[in-house]
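Heads up: the structure comes next, in structure tokens.
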Amino acid sequence: MRSFVYDQPAIRVIFGIGVIDQLPEEVQRLGARRALVLASPGRRPIAEEAARRLGTAAAGVYAEAAMHVPIDVARAVCETAKRLEADCCVTIGGGSTIGLGKAIALENKASGANGASALPIVAVPTTYSGSEMTPIHGVTEGGVKRTGRDRKVLPKAVLYDPALTVSLPRHISGPSGMNAIAHCVEALYAPDANPIISLFAAEGIRALARSLPVVVEEPANLEARADALYGAWLSGAALGATSMGLHHKLCHTLGGSFNLPHADVHTSVLPHATAFNRAAAPDAMRVVAGALGADEAAQGLYDLAVRIGAPVALKAIGMPADGLDRAARLATDNPYDNPRPIDYAGVRQLLDDAYRGTRPVS
Ligand code: NAD
């Protein structure tokens, strides 16, 4: 038997079709009177609608969230929060928007009671990134994303409303769901895995594997959307509770150094990172394969990505062939935990397979 620590922070979760109606109540529960509503430019209409619902409890709307939280945007939003005397943030959107809320929460942490952030977050996720469940924050400066963990950036409440996700197009839904599955796969073999989080991870993969094919075929199917969002919740909790290995490290490197789209990178790399770890984490592989309903984990992940029309080749999403050596070097420079020890030749081969998008061999 393996010893473990289970130390999961409590986050209030409100889940259901139409729960966005409860946003004013949730903001009020925090005692907040001036909520700043954050979104990316494409989500501005929903953010404005949310501000309208909040009425006098809304301080304003800031709809400039961008992928990987550029430092300029982080500074500007902190300035806006200060100027508007905001006492709470409502994030409506995917990981980019939640990341912006976390930047504000971090900036304001010192002034809050007991070291808590003075600007608590109410998150309304509209993708499957899972960021709303993690203490992981980050900003990008000069092409380098610096990340850290701090529980003070965790939202106080999360409203999961599947109705807000029906507008998520097929080409974002699929990769975003595969990004969530990647959190679950790495949580299962993490050095700090524990039995409860492993249940979350297996159930997260099951929910996403059965719902994503329906979601991409019938984007307005609310049952499937709810199932996918449920899977994303569990995957975010799994990501937040464990340390990630080679797969996340590689995706971080590729996304940051070659400016590739975050979720698409996860989709392309996941089958090959899983194959890399196959022999070193047999128990996790059995759980992944079982949850996918596949004979083998890496091939099951590849087949799911193909089935939902998500990218499977790095070359198709803008990775330059002459960057593979550098990516392998960056990912093997510093030691970190991974079931199979990291070696340059193995990672270089993995990247080659992900670049070409071949189906992993048994
Ligand atoms: P995103 O937030 O950048 O959203 C992708 C696009 O989808 C945006 O253009 C957005 O406007 C649009 N969109 C969002 N919801 C929509 C909806 N319902 N309908 C139509 N369009 C919609 O993408 P993401 O994949 O959610 O997040 C990626 C970012 O999150 C990356 O920066 C990544 O590093 C970060 N992330 C952080 C964590 C964490 O724990 N801190 C976890 C996962 C991802």
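Start at 1 and go down the list; that is how both ligands and their atoms are numbered.
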Subject >> Heavy-atom gap M133 to ligand 1 smaller than 4.0 Å >> reply: no
closest protein heavy atom to atom 24 (P) of ligand 1 is G95 N, 3.6 Å
Counting from 1 in the order shown, the ligand 1 atoms closer than 4.0 Å to a non-hydrogen atom of M67 are 3 (O), 28 (C), 29 (C), 31 (C), 32 (O)
heavy-atom search around atom 22 (C) of ligand 1 in the protein gives R43 NE, 3.3 Å
The atoms of ligand 1 lying under 4.0 Å from a heavy atom of L164, numbered in the order shown, are 18 (N)
Separation between OG1 (T253) and CZ (F258), nearest 0.5 Å, reads 8.5 Å
Exercise. Examine S96 against ligand 1 and note whether any of their N/O atoms are separated by less than 3.5 Å.
Key: yes
Note: ligand 1 atoms sitting under 4.0 Å from heavy atoms of H68 are 31 (C), 32 (O), 34 (O)
for atom 4 (O) of ligand 1, nearest protein heavy atom and its distance come out as T127 CG2, 4.2 Å
Review point. Quick one: does H252 get within less than 4.0 Å of ligand 1, heavy atoms only?
Key: no
Atoms of ligand 1 under 4.0 Å from any heavy atom of S40, numbered from 1 in the order shown, are 10 (C), 11 (O)
Here the gap from Q299 atom CD to R278 atom CZ, rounded to the nearest 0.5 Å, amounts to 6.0 Å
shortest atom 7 (O) of ligand 1-to-protein heavy-atom contact is with I172 CD1, 3.4 Å
Ligand 1 to I136 polar contact by distance, N or O atoms, under 3.5 Å: yes
Interatomic distance, CG@L84 vs OH@Y62, rounded to 0.5 Å, equals 11.0 Å
Residues at least two apart in sequence or cross-chain that pass salt bridge (charged side-chain N to carboxylate O under 4.0 Å, His left out) with R340, listed by chain then number, are D343
Same cluster or not: I121 versus I92, using hydrophobic residues (I, L, V, M, F, W, Y) connected whenever any side-chain heavy atoms lie under 4.5 Å apart?
no
d(L254 CG, R326 CZ) to nearest 0.5 Å is 10.0 Å
Ligand 1 to G94, heavy atom cutoff 4.0 Å, flagged ligand atoms 2 (O), 26 (O)
Strictly under 6.0 Å, is that where the ring centroids of H266 and H248 end up? yes
Practice prompt. Flag yes if more than 12 heavy atoms outside E223 fall under 6.0 Å of its CD atom; otherwise flag no.
Written response: no
Within the 4.0 Å heavy-atom cut-off, what K102 brings close to ligand 1 is side chain
If we number the atoms of ligand 1 from 1 as shown, the ones under 4.0 Å from a heavy atom of K145 are 32 (O), 33 (C), 34 (O)
For residues 63-72, the side-chain hydrogen bond (donor to acceptor under 3.5 Å, both in side chains) pairs (sequence neighbours left out) are H68-K145
Heavy-atom proximity to atom 39 (C) of ligand 1 ranks first, among G138, P175, S131, A263, for S131
